[in-house]
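Here's the structure, in structure tokens; my notes come after.
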Amino acid sequence: MDVATNFVDIHTHILPGVDDGAKSLEVSLDMARLFVEHGTTSLFATSHGFAPSLHVDAEDILRETFRLNDALIDAQIPLTVRPAMEIRYHSDIVRKVLQGLALGLGGAEKPNYILIELPTRDWPEDVWEAIYEFAIRDITVVIAHPERNLAAQRDEELLDRAIEEGAILQLTAGSIMGQFGPICENLSKRWLMSHKIHCIASDAHDPVVRAPGIDLALKKVTEQWQMPEQAAQCVRTAQRIWDSYK
């Protein structure tokens, strides 16, 4: 996997000072330089939305994304950032998305894709109805980092049903690299091998601990795990999501 490939990252926390991601504009710019260094030229700024202790309003995400893009131009960093949200699953999620209160991967007006984070320990039973409600509106649910969901770790059939219902699954690059422990790393390998994973994203929060680096994960999948087809498919999926932006 060539590092020069123009990767799309669909899950990042690069906006300064809004959630548990970049703490300042300087940190955001440091992250941006790393993204470019590692081959990412386009990304969604998916700040947390509707999480129990973290929520950023849609209008704040839109404003800060605009400001960050201006700063990137001034700093001559060739990175394009679009506004989105990592939406914590909740019972009112369909209405929030349709009303533009929860930003999808494609803006506030009926996005084609939305990034949803499930609770760490549980897989809510009513998530199936939400996936269906989005699907009949031609909105595809992207489930963020299922390998870090304890229910999915115990019951792999949850992933199979999610895929059958029309959702796609996004793996974290750090899980592939072993940063979230051997369980997440091993599941990442097994689920990629069985073609359950559709996309890899960084979920980057800072330039050091949870840093950009999709290229490193893709290289490991391609060379060490010998799954070039799966790596290429993940790259194509991210690009397709980016191209669907309205």
Side-chain angles (χ1 to χ4, degrees), residues 9-13 19-21 44 46-56 84-94 96-97 102 105 113-135 140-206 209-211 213-214 216-217 220-221 225 227 230 234 237-238:
D9 197 334
I10 69 164
H11 186 171
T12 76
H13 296 269
D19 62 3
D20 60 342
F44 289 98
T46 53
S47 301
H48 288 285
F50 305 98
S53 58
L54 287 171
H55 171 71
V56 187
M85 186 181 283
E86 181 184 8
I87 309 166
R88 183 63 172 257
Y89 179 77
H90 58 288
S91 60
D92 203 23
I93 191 171
V94 176
K96 295 283 179 59
V97 171
L105 300 165
Y113 297 86
I114 57 171
L115 182 67
I116 290 180
E117 178 188 42
L118 299 179
T120 302
R121 295 185 175 276
D122 306 315
W123 193 290
E125 182 59 33
D126 58 351
V127 75
W128 310 118
E129 181 179 355
I131 293 173
Y132 171 78
E133 289 294 329
F134 285 123
T140 299
V141 169
V142 182
I143 298 178
H145 45 67
E147 79 283 2
R148 289 154 53 192
N149 176 274
L150 297 183
Q153 290 179 3
R154 294 190 299 267
D155 183 3
E156 194 170 317
E157 290 184 1
L158 291 170
L159 275 68
D160 296 327
R161 182 174 176 184
I163 294 168
E164 290 172 2
E165 297 285 346
I168 65 177
L169 307 179
Q170 172 255 300
L171 201 64
T172 309
S175 294
I176 294 170
M177 302 305 294
Q179 295 171 0
F180 292 93
I183 292 176
C184 290
E185 183 179 2
N186 292 334
L187 285 175
S188 297
K189 184 177 183 179
R190 188 167 83 230
W191 292 351
L192 279 162
M193 187 177 298
S194 57
H195 296 274
K196 298 182 191 297
I197 299 300
H198 305 84
C199 188
I200 296 170
S202 71
D203 194 6
H205 281 61
D206 59 69
V209 179
R210 296 180 64 179
I214 291 179
L216 302 178
K220 181 173 180 177
V221 172
W225 289 354
M227 290 187 274
Q230 288 90 327
C234 287
T237 300

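Just so you know, residue 1 is the first one in the sequence shown, and it goes up from there.
At distances below 3.5 Å, not a single donor-acceptor pair connects side-chain atoms of Asp155 with backbone N or O atoms of Ala151. Remark: side-chain polar atoms of Glu165 are not paired, donor with acceptor, to backbone N or O of Ile131 under 3.5 angstrom. For the pair Lys196 (side chain) and Leu159 (backbone), a donor-acceptor distance under 3.5 Å is absent. No donor-acceptor pair under 3.5 Å is formed between the side chain of Ser175 and the backbone N or O of Glu185.
Between Phe50 and His55, the shortest heavy-atom contact is N-ND1, 2.8 Å. The two atoms that bring Ser188 and Glu147 nearest to each other are OG-CG, 4.1 Å, heavy atoms only. Contact between Ser202 and Thr172 at its shortest, heavy atoms only, is O-CG2, 3.7 Å. Considering all non-hydrogen atoms of both residues, Val142 and Gln170 come closest at CG1-CB, 3.9 Å. Here the closest non-hydrogen pair linking Gly213 and Ala173 is O-CB, 4.3 Å. Contact record, Leu115 with His11: CD2-CG, 3.7 Å, taken as the closest heavy-atom pair.
Considering CG of Asp20 and OG of Ser53, their distance stands at 8.0 Å, rounded to 0.5 Å. For the atom pair OH of Tyr132 and CG of Asp126, the computed distance is 16.0 Å after rounding to the nearest 0.5 Å. To the nearest 0.5 angstrom, Leu158 atom CG is 7.5 Å from Asn149 atom CG. Atom CG of Leu192 and atom CG of Leu171 lie 5.5 Å apart (nearest 0.5 Å). How far CD1 of Ile114 is from CD1 of Ile87: 5.0 Å, rounded to the nearest 0.5 Å. Note that CD of Glu117 is 11.5 Å distant from CD1 of Ile143, once rounded to the nearest 0.5 Å.
Under the 4.5 Å side-chain criterion, counting only non-hydrogen atoms from C-beta, Thr140 is not in contact with Phe134. Side-chain contact check for Ile176 versus Leu216: every heavy-atom pair is 4.5 Å or farther apart. In this structure the side chain of Phe180 reaches within 4.5 angstrom of the side chain of Arg210, judged on heavy atoms. Residues Lys96 and Met85 are not in side-chain contact: their nearest non-hydrogen atoms beyond the backbone lie 4.5 Å or more apart.
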- Message: Between Met227 and Lys189, does the side-chain contact (heavy atoms from CB on, under 4.5 Å) criterion hold? Intermediate values first, please.
- Response: CA-CA 9 Å; Met227 290 187 274; Lys189 184 177 183 179; 4.2 Å; yes

- Query: Can you check side-chain contact (heavy atoms from CB on, under 4.5 Å) on Tyr89 and Val141, steps first, answer last?
  - Reply: CA-CA 11 Å; Tyr89 179 77; Val141 169; over 6 Å; no

- Item | From CA spacing to verdict: side-chain contact (heavy atoms from CB on, under 4.5 Å), Cys184, Gln179 | CA-CA 9 Å; Cys184 290; Gln179 295 171 0; over 6 Å; no

- Task: Please report the C-alpha distance between Arg148 and Asp203 in whole Å, then the side-chain angles of each, then the deciding distance to 0.1 Å, and finally whether the salt bridge (Lys or Arg N to Asp or Glu O under 4.0 Å) criterion is met.
- Result: CA-CA 12 Å; Arg148 289 154 53 192; Asp203 194 6; 3.1 Å; yes

- Does the side-chain contact (heavy atoms from CB on, under 4.5 Å) test come out yes or no for His198 and Ile163, once each step is laid out? CA-CA 10 Å; His198 305 84; Ile163 294 168; 3.8 Å; yes

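Defined by atom type and a distance below 3.5 Å, a donor-acceptor pair is present between the side-chain atoms of Glu86 and His145.
In this structure, Glu156 places its CD atom where more than 12 heavy-atom neighbours from other residues, nucleotides or ligands lie under 6.0 Å away. More than 12 heavy atoms of other residues, nucleotides or ligands shown are found within 6.0 angstrom of CG on Leu150.
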